[in-house]
Student: 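Got a structure for you, questions after.
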Number of protein chains: 2
Amino acid sequence: MWLRIEARSSIPVYQQVVDGVKSAVAKRLLQPGDRLPAVRDLATELTVNHNTVQKAYQELEREHVIEVVRGKGTYISRNPSIPNERERREALYKEMVRWVIEAHHLRIRDDELLKLLRTAMQDIHQGGDEGAMNGDHCRGSRELDEDV
Amino acid sequence: MWLRIEARSSIPVYQQVVDGVKSAVAKRLLQPGDRLPAVRDLATELTVNHNTVQKAYQELEREHVIEVVRGKGTYISRNPSIPNERERREALYKEMVRWVIEAHHLRIRDDELLKLLRTAMQDIHQGGDEGAMNGDHCRGSRELDEDV
DNA sequence: CCGTGTGTACTAGTCAATGTGGTACACATG
DNA sequence: CATGTGTACCACATTGACTAGTACACACGG
């Protein structure tokens with residue numbers, strides 16, 4: 001599956017679902033037009049309440065990542081527009097500043113941080129599963145993926 | 001002041017205080033040995049409860065950003081060690097993967113994202129000269145070393 | 001020793017977000 | 001109409017953040 005939930009995580013379940021779908025789209029594991037599981041089906045599979053899944057789908061629809069057809073199903077958007085683009089760009093930038101600060105306190109130098117970002121980009125574009133980090137992030141750490 | 005709180009933000013107040021202090025340290029607005037306001041004073045100034053400020057100070061002490069002397073005051077650490085370095089590095093990397101995904105959905109190209117990061121770095125280091133960031137790489141984790 | 005300023009600890013309570021469980025409704029398709 | 005889909009409620013429990021108030025512990029200078 002292209003989605004795995006960590007029940008122990010402090011991140012809300014619905015947020016994990018949102019992130020998981022967006023991640024799968026970025027990795028092209030989900031293509032435009034692909035159908036997502038029904039709300040209740042996915043809820044059963046993840047052993048969470050259907051309302052929780054629905055909240056995730058609602059959020060994904062607000063972000064135009066998916067499209068919903070009542071009575072039929074939910075699908076990955078074909079021509080996604082970008083709502084709240086300005087705010088989201090600003091939020092992204094704020095997060096980046098935040099982690100530059102964190103990097104400073106971890107004594108990570110600027111060039112190391114840039115290298116880390118390049119590694120993250122490769123991780124996404126090569127379709128791996130983001131879960132596995134083997135601890136050596138300073139050079140390109142490529143740990144191989146799961147099964148399908 | 002080196003600290004401003006947004007009451008409307010979804011980010012908890014105590015977290016904003018933690019981030020604010022760490023940011024000021026990274027920007028060298030606060031130097032090692034500098035004294036922070038008393039818990040109650042800062043609480044009054046920010047119009048929050050003293051317990052909230054204390055929670056922030058506690059967190060900062062856990063991260064060895066500040067040092068606390070009972071009955072005297074709190075001070076920016078002189079020789080900060082790095083607790084939980086490995087976990088924090090992994091958390092940082094996970095966050096970076098999130099950026100890449102978000103950037104994809106914002107149609108931000110890789111080179112743009114790298115440029116954004118460079119800008120964020122300049123925002124932090126602006127004006128100040130940054131001399132001695134030591135060349136400590138992944139392996140070099142400092143060992144704890146105590147007191148004032 | 002005492003007063004003052006400091007950090008710390010504890011209890012009680014409010015509020016909002018999250019998640020569950022259940023029920024009911026709306027729409028599309030065959 | 002039956003079925004599978006998304007949607008909309010409701011009541012409830014749990015958790016984290018925050019407020020409010022009180023009390024204690026320690027350092028320092030009279």
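Side chains are part of it too, since the values below use all heavy atoms of this structure and drop only hydrogens, waters and symmetry mates. Proteins come first, then strands; the chains are lettered A, B, ... in the order of their sequence lines, and each starts at number 1.
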Student: Would you call A/E59-A/R62 a salt bridge at under 4.0 Å N-O?
Tutor: yes

Student: Once you round it to whole Å, what is the distance between P of D/dG4 and CZ of A/R35?
Tutor: 12 Å

Student: Calculate the interatomic distance between A/R8 atom CZ and D/dT15 atom C1'; express it in whole Å.
Tutor: 19 Å

Student: Starting from C1' on D/dT5, measure out to CG on A/D41 and report it in whole angstrom.
Tutor: 10 Å

Student: Which residue, A/T52 or A/K72, contacts DNA chain C at a nucleotide closer to its 5' end, judged by nearest heavy atom?
Tutor: A/T52

Student: Summarise how protein sits on nucleotides 9-18 of chain C as a single string, 5' to 3': B when a protein heavy atom is under 4.0 Å from the base, S for sugar-phosphate-only contact, - for no contact.
Tutor: BB-------S

Student: If only atom types and distance count, is the side chain of A/Q15 paired as donor or acceptor with the main-chain N or O of A/P12 below 3.5 Å?
Tutor: no

Student: Which angle, to the nearest 10 degrees, lies between the helix axes at the two ends of the helix from C/dC1-D/dG30 to C/dG30-D/dC1, each defined by five pairs?
Tutor: 10°

Student: Side-chain donor or acceptor of A/N49 under 3.5 Å from a matching atom on the base of C/dG19?
Tutor: no

Student: Rounded to whole Å, how long is the line connecting atom CD1 of A/I5 with atom P of C/dT20?
Tutor: 11 Å

Student: Using only heavy-atom distances, determine whether the side chains of A/H64 and A/S77 contain a donor-acceptor pair under 3.5 Å.
Tutor: no

Student: Is B/E85 paired with B/R89 through a side-chain N to carboxylate O contact shorter than 4.0 Å?
Tutor: yes

Student: Just list the side-chain donor-acceptor pairs under 3.5 Å for residues 28-43 of chain A, sequence neighbours left out, or say none.
Tutor:
residue: A/Q31; atom: NE2; partner: A/R28; partner atom: O; Å: 3.1
residue: A/D34; atom: OD2; partner: A/Q31; partner atom: N; Å: 2.8
residue: A/R35; atom: NH2; partner: A/K72; partner atom: O; Å: 3.2

Student: Who passes side-chain contact (heavy atoms from CB on, under 4.5 Å) against B/R118, sequence neighbours left out?
Tutor: A/L114, A/R118, B/L114

Student: Taking only residues two or more places apart in sequence or in another chain, which ones pass side-chain contact (heavy atoms from CB on, under 4.5 Å) with B/N49?
Tutor: B/N51, B/T52

Student: Over how many whole Å does the gap from A/E61 atom CD to D/dT5 atom C1' extend?
Tutor: 14 Å

Student: Could you check how far CG of B/L46 sits from C1' of D/dT19, rounded to whole Å?
Tutor: 15 Å

Student: Please report the distance, rounded to the nearest Å, between CZ in B/R62 and P in C/dT8.
Tutor: 14 Å

Student: In plain terms, say whether A/E90 and A/K94 are close enough for a salt bridge, that is, a side-chain N and a carboxylate O under 4.0 Å apart.
Tutor: no

Student: Can you check whether A/T74 has a side-chain N or O nearer than 4.0 Å to OP1 or OP2 of D/dT5?
Tutor: no

Student: Hey, can you pull the donor-acceptor pairs under 3.5 Å for the side chains in residues 100-107 of chain B, sequence neighbours left out?
Tutor:
residue: B/E102; atom: OE1; partner: A/K22; partner atom: NZ; Å: 3.0
residue: B/E102; atom: OE2; partner: A/R88; partner atom: NE; Å: 3.0
residue: B/E102; atom: OE2; partner: A/R88; partner atom: NH2; Å: 3.4
residue: B/H105; atom: NE2; partner: A/K22; partner atom: O; Å: 2.9
residue: B/R107; atom: NH2; partner: A/P80; partner atom: O; Å: 3.2

